[in-house]
Amino acid sequence: MLYAVAVFAPLLGSAIAGLFGRAIGDRAAQAVTILCMVLASICGVTAFVQLVYLGAPSGMVVLGDWVQAGSFHVSWALHYDTLSAVMVAMVTCVATLIHIYSVGYMSHDHSIARFFSYLSLFSFAMLMLVSADNLLQLFFGWEGVGLASYLLIGFWYDRPSACAAAMKAFIVNRVGDLGFAVGIALVFTLFGSIEFGSIFANVPAHMDATYHLLGHDWRAYEVVGILLFIGAMGKSAQIGLHVWLPDAMEGPTPVSALIHAATMVTAGVFLMARFSPVLDYAPGAMAFVTFIGATTALFAATVGCVQNDIKRVIAYSTCSQLGYMFVAAGVGAYQASIFHLLTHAFFKALLFLTAGSVIHAMSDEQDMRRMGGIWRLIPFTYAMMWIGNLALGGVFPFAGYFSKDAIVEAAWAAHTGIGQYGFWCTLIAAFLTAFYSWRLLIMTFHGTPRADHHVMQHVHESPPVMLVPLALLGVGAVVAGFVFRDQLIGADWQAFWGSSIQIAPGNHVLRDMEDLPAWVTLSPSVLGLLGIATAYLFYMIRPEIPPRLAAAFPAGYRFLLNKWYFDELYGVVLVAPFRALARLLWQVGDVTLIDGVPNGLAALTAGGSARVVRLQTGSIAVYAFSMLIGLVVLVSVFLLFLR
Amino acid sequence: MMNWSLAVPELVLACCGMAILLFGALMKRRETFHLASMLTIGAFLITAMLVIAGPHGLAYHGQFVADSFSGFVKLLVLAGSAFAVVASLDYNEHENLRRFEFPVLILFATVGMMLMASAVNLMTLYVGLELQSLSIYVLAAFARDQLRSSEAGLKYFVLGALASGLLLYGISLIYGFTGSMQFDQLARVLADPARVSPGLIVGIVFLVAGLAFKVSAVPFHMWTPDVYEGAPTPVTLLMGTSPKVAAMALLVRAMATPFGHLLGQWQQLIVLVSIASMLLGALAAIGQRNIKRLMAYSSIGHMGYVLIGLAAGTPAGIRGVLLYLVTYVFMSAGTFACILAMRRRGVMLEQIADLGGLGRRDPVLAMWLTVFMFSMAGIPPFSGFWAKYFIFTAAVQSGLWALAVIGVLTSVIGAYYYIRIIKVMYFDEPQEAFDPRPPSLSLLAAGSGLFTTLFFVFPAPFVGAAETAAKVLFG
């Protein structure tokens with residue numbers, strides 16, 4: 001019951017703020033949504049504690065029938081197990097803090113009620129996604145977050161760039177969603193059901209099922225795994241379908257924090273963990289997941305090193321960290337991926353909100369080249385940025401240290417070729433992560449002020465309503481790691497996760513992580529510290545090095561600055577031909593043919609009408625004459641037909 | 001066999017008519033229009049009950065029949081005539097036409113129409129038709145001090161006489177070449193193809209021409225717009241409903257029973273007339289500014305659709321014809337009720353532009369008119385859609401693809417002018433409000449509107465009755 005309240009309270013808040021926002025005013029809309037979110041987070045956390053620590057039974061909360069068509073049955077039901085409960089608790093807590101923060105951040109905006117309604121709608125969709133009991137309901141939440149993110153990215157709809165970014169996010173996600181939808185259909189043909197309970201119970205039965213595609217029989221589990229992962233790639237911005245995430249920074253900063261750090265983009269990772277019972281029997285798909293995840297982790301980290309927009313750096317960092325999570329899922333350490341998801345939610349939300357606080361202080365400036373020298377002016381924000389960076393960079397004892405090291409170790413412990421690839425990619429990425437984090441910190445807060453003095457005069461610490469959520473997230477970023485480490489990925493992880501994560505008998509990754517060579521365990525931390533030192537050297541001590549490096553390797557620099565030319569590539573390969581086709585269909589197909597034919601017909605009809613009406617003279621003789629002519633015509637036609 | 005009891009409904013109605021006439025003549029000094037109207041409606045009700053309860057069979061030596069088909073048609077005719085009387089109550093009051101002869105004339109026209117529905121002999125057919133026509137000639141010219149009305153009555157009379165001449169000539173040809181006027185005997189004779197001669201064919205064409213005039217099918221439609229416009233509006237309502245039903249029923253029975261074996265021949269004739277009517281109805285209505293003229297062209301188009309069902313020549317097609325007529329009577333009566341409500345400061349209005357902004361001035365009236373227009377255009381879920389659906393399905397089942405396609409295309413064109421009226425009502429500059437509506441018109445509009453809107457909820461009794469009626473013709 002509490003659990004259902006946690007899921008549906010945000011919907012209530014959203015509906016009230018959205019439908020009656022104008023009537024009740026901005027203040028009331030804020031109060032209602034925040035109240036609902038607070039209620040949801042209390043319920044969510046309570047449900048989590050009851051399940052995990054107080055021994056409440058897991059199960060499902062059935063809300064009603066949804067679709068009953070032949071053998072296809074779907075109910076509205078909430079899945080209540082550790083995985084869902086953890087996600088619900090995390091989402092409600094982070095979303096609540098971001099709601100509160102937004103009160104301060106959005107205080108100068110014109111449509112506050114609309115913003116809070118969208119924000120709550122988004123939270124609801126995400127909760128629906130993580131608490132779904134079947135794939136269709138999960139897909140409902142999946143599309144719901146897609147819709148809400150579209151609305152929020154394009155929140156400032158009078159900016160063309162925001163609208164473009166919103167559409168880009170929506171369209172790119174659609175590509176992934178297609179894979180996901182086909183995957184759901186395949187699951188149904190395979191298992192005859194899309195409810196998690198009956199799918200996972202029947203996993204052994206279909207172990208050898210095959211799927212015929214392109215003249216080759218594939219193992220059905222591999223195909224399902226790949227299809228679901230394609231969906232996850234879109235939502236979680238993995239390489240290839242990542243292009244929307246950096247552009248999504250057009251939305252207000254709290255949106256970036258909520259959607260593009262803490263929740264929505266983690267949906268893909270959640271899906272992988274949810275499908276662990278199936279995926280663990282699909283080694284090929286898992287290798288693919290690891291490969292994509294590792295590549296993304298490295299790729300996004302390299303791009304993050306040269307970006308100048310403070311939010312874009314963090315966005316690429318998110319992309320990279322999601323890659324980490326997929327590496328963990330790909331080598332079978334689902335627990336580690338969710339662990340990182342959890343800690344990442346805290347420190348990434350913290351980083352984004354801190355960045356928001358900086359942007360707020362700098363009169364909406366986002367370019368780090370026009371910042372600097374403000375750490376004395378906004379000390380609290382500065383301290384929070386440090387905490388976020390330490391957690392992201394993986395410095396002991398901050399949250400990121402535990403979860404990120406676990407992933408790097410899991411990749412090594414997989415003892416496979418692809419695991420090795422994942423290990424090296426994540427290791428290098430760890431170095432780069434630390435480097436770009438401190439690059440961001442130093443460029444933003446240190447050095448000589450590069451903003452004009454008008455802006456500098458206005459630099460001020462944010463109001464308490466923004467700082468309190470920062471502080472709370474900061475606490476999470478510090479403690480989430482060592483509090484949860486032993487429970488989530490310790491030796492008795494089974495006690496914590498229950499049946500929500502099921503691994504194959506041959507999967508010993510977590511156990512093997514316990515005895516690794518010392519250098520494997522230490523290297524992430526060492527490389528992280530090295531990254532910090534490098535950044536310090538480059539931007540604090542010898543600030544002339546980066547420009548010189550850029551000048552020395554212009555091609556490499558431009559390659560990174562332009563994000564590996566992904567947007568340009570897509571522009572040439574996909575967007576331009578598509579535009580040309582659309583233009584053709586528009587100008588030739590639509591304007592000329594589809595409009596032309598009816599317009600021509602209409603003109604013809606009008607002309608015919610005028611001619612017919614002219615016959616109607618009113619003269620009785622003409623009428624009688626026409627009757628007789630008609631009779632003659634009919635008789636002759638009739639006699640002709642008789643012959 | 002003089003089984004006269006089968007004709008009790010007609011006899012009772014005729015007697016009632018004479019009684020009311022007598023009553024009106026005797027009560028000369030008093031206001032008798034309203035009373036006579038009420039009595040007429042009462043007579044219609046009694047007759048309807050007699051029709052429902054009456055037995056089936058042949059009477060008057062095979063000149064008169066009472067069967068499911070005639071029963072169905074008679075009830076519809078009575079409904080249409082009753083609507084006309086109701087619609088006339090307020091109009092005649094205002095237009096200074098309150099004379100008791102008016103409802104009585106409608107009553108006698110109705111007797112004629114009922115006779116037409118029961119005719120199984122070419123002579124009965126003619127007598128019924130003439131009784132109906134003569135009454136309506138007078139009604140069309142009823143506003144005798146108005147030029148337009150007199151002109152309409154005269155035009156209708158002259159052209160009607162021409163059509164009657166054609167009809168009689170056709171009948172005489174048929175009789176001459178076959179030796180019979182009885183429908184069943186004709187059918188028996190013509191079962192032998194050798195008996196079919198060109199003279200007979202010409203006779204059939206003349207017969208069809210005479211009846212096509214009554215249903216205002218192209219090319220015998222020319223009178224329709226002028227007479228519709230000129231006649232007093234309740235009379236136009238009458239002409240738009242019952243006589244169309246009766247004449248169409250007559251045409252259906254005459255084609256299906258005696259000449260059923262010649263389907264291959266007359267089918268082409270009906271197809272031609274049907275296509276021409278649909279096209280003209282759709283095209284000519286576009287340019288109209290007067291809503292009564294528009295309704296005239298609209299009725300021509302609708303008769304074209306009905307003829308599709310006849311051309312199909314199957315029980316399904318005839319069922320479609322009957323259902324179409326049912327929905328058409330209600331749509332038409334409702335629309336004319338709305339037109340009758342178009343009065344401003346005591347002056348009747350007929351221009352479409354006068355409806356401007358009705359959506360704001362009188363939302364209820366605008367809503368009903370919208371319902372009727374959508375239904376006439378054939379937009380679901382209104383009854384007009386289902387009528388077209390039954391007709392087109394029957395046509396397709398009989399392989400008349402071209403007819404069905406043309407029908408759909410012309411209804412698209414037709415939708416333009418129907419929906420234009422809705423556009424005028426809701427989007428054009430508001431005009432001054434109309435005078436308050438009398439309750440009789442509100443009742444008529446609401447009743448027809450509800451029928452049109454809710455037909456899809458309870459179509460089963462109508463479809464079932466039409467099915468039974470259609471089967472009768474195919475023995």
Side-chain angles (χ1 to χ4, degrees), chain A residues 19-20 22-23 65-70 584-643, chain B residues 151 154-159 161-163 166 169-170 196-198 200-206 208-210 212-213 217-227 229-230 262 264-269 272-273 276 279-288 293 296-297 409-410 412-413 416-417:
Chain A
L19 299 176
F20 309 111
R22 252 168 226 269
D65 284 338
W66 184 5
V67 182
Q68 299 278 7
L584 187 78
L585 289 177
W586 165 44
Q587 287 182 341
V588 177
D590 190 70
V591 174
T592 314
L593 291 179
I594 295 179
D595 284 357
V597 170
N599 286 348
L601 282 179
L604 211 67
T605 309
S609 166
R611 219 161 297 157
V612 169
V613 171
R614 219 170 296 143
L615 285 177
Q616 200 76 32
T617 53
S619 155
I620 201 162
V622 172
Y623 292 3
F625 183 69
S626 79
M627 275 172 72
L628 292 176
I629 292 284
L631 186 72
V632 169
V633 169
L634 286 183
V635 168
S636 20
V637 166
F638 208 21
L639 286 175
L640 277 176
F641 269 105
L642 187 69
R643 294 274 155 78
Chain B
E151 183 191 333
L154 194 64
K155 257 183 195 165
Y156 193 27
F157 177 65
V158 172
L159 294 173
L162 178 61
L166 296 178
Y169 189 50
V196 181
S197 53
L200 173 72
I201 297 301
V202 173
I204 294 177
V205 176
F206 274 70
V208 170
F213 174 84
V218 178
F220 311 101
H221 66 284
M222 299 293 262
W223 60 276
T224 321
D226 291 6
V227 176
E229 190 188 353
L262 305 181
Q265 272 97 49
W266 58 257
Q267 191 176 41
Q268 297 303 324
L269 181 66
L272 272 180
V273 171
L279 282 176
L280 185 116
L283 290 178
I286 290 177
Q288 301 306 322
R293 279 187 93 82
Y297 285 110
L409 288 180
T410 51
V412 171
I413 301 177
Y416 163 73
Y417 58 79

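Below, read A as the first sequence line, B as the second, and so on, with proteins coming before strands; counting in each chain starts at 1. It should be emphasised that the depicted structure is a prediction, and the values quoted were computed from it without experimental measurement.
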Legend entry - B:F220 to A:M627 - nearest heavy-atom pair and separation: CE2-O, 3.3 Å

Legend entry - Residue part contacting chain A, namely of B:V273, when any heavy atom lies under 4.5 Å: side chain

Legend entry - Smallest separation among heavy atoms of B:M222 and A:Y623, with atom names: O-CE2, 3.3 Å

Inset, instruction - Mind ranking B:G287, B:A276, B:A285, B:P219 by heavy-atom pairs under 4.5 Å with chain A and telling me who comes out on top? - result: B:P219

Legend entry - Distance (rounded to the nearest 0.5 Å) between B:L283 CG and A:L604 CG: 9.0 Å

Inset, instruction - Decide yes or no for A:I620 and B:D226: does some side-chain heavy atom of the first lie under 4.5 Å from some side-chain heavy atom of the second? - result: no

Legend entry - Structural part of B:L166 lying under 4.5 Å from a heavy atom of chain A: side chain

Inset, instruction - Using non-hydrogen atoms and a 4.5 Å limit, figure out which bit of B:F213 sits close to chain A: side chain, backbone, both or neither. - result: side chain

Legend entry - B:W266: partners by ring pair (Phe, Tyr, Trp, His ring centres under 6.0 Å), with sequence neighbours left out: none

Inset, instruction - Side chain from CB out, backbone as N, CA, C, O: work out which of these in B:L159 comes under 4.5 Å of a heavy atom of chain A, or both, or neither. - result: both

Inset, instruction - Only counting residues at least two apart or in another chain, list the ones meeting side chain to side chain contact (heavy atoms under 4.5 Å, CB included) with B:V412. - result: none

Inset, instruction - Using a cut-off of 6.0 Å, state whether more than 12 heavy atoms not belonging to A:W586 lie near its atom CH2. - result: no

Inset, instruction - Let me know which of B:L162, B:V202, B:V205 forms a side chain to side chain contact (heavy atoms under 4.5 Å, CB included) with A:L631. - result: B:V205

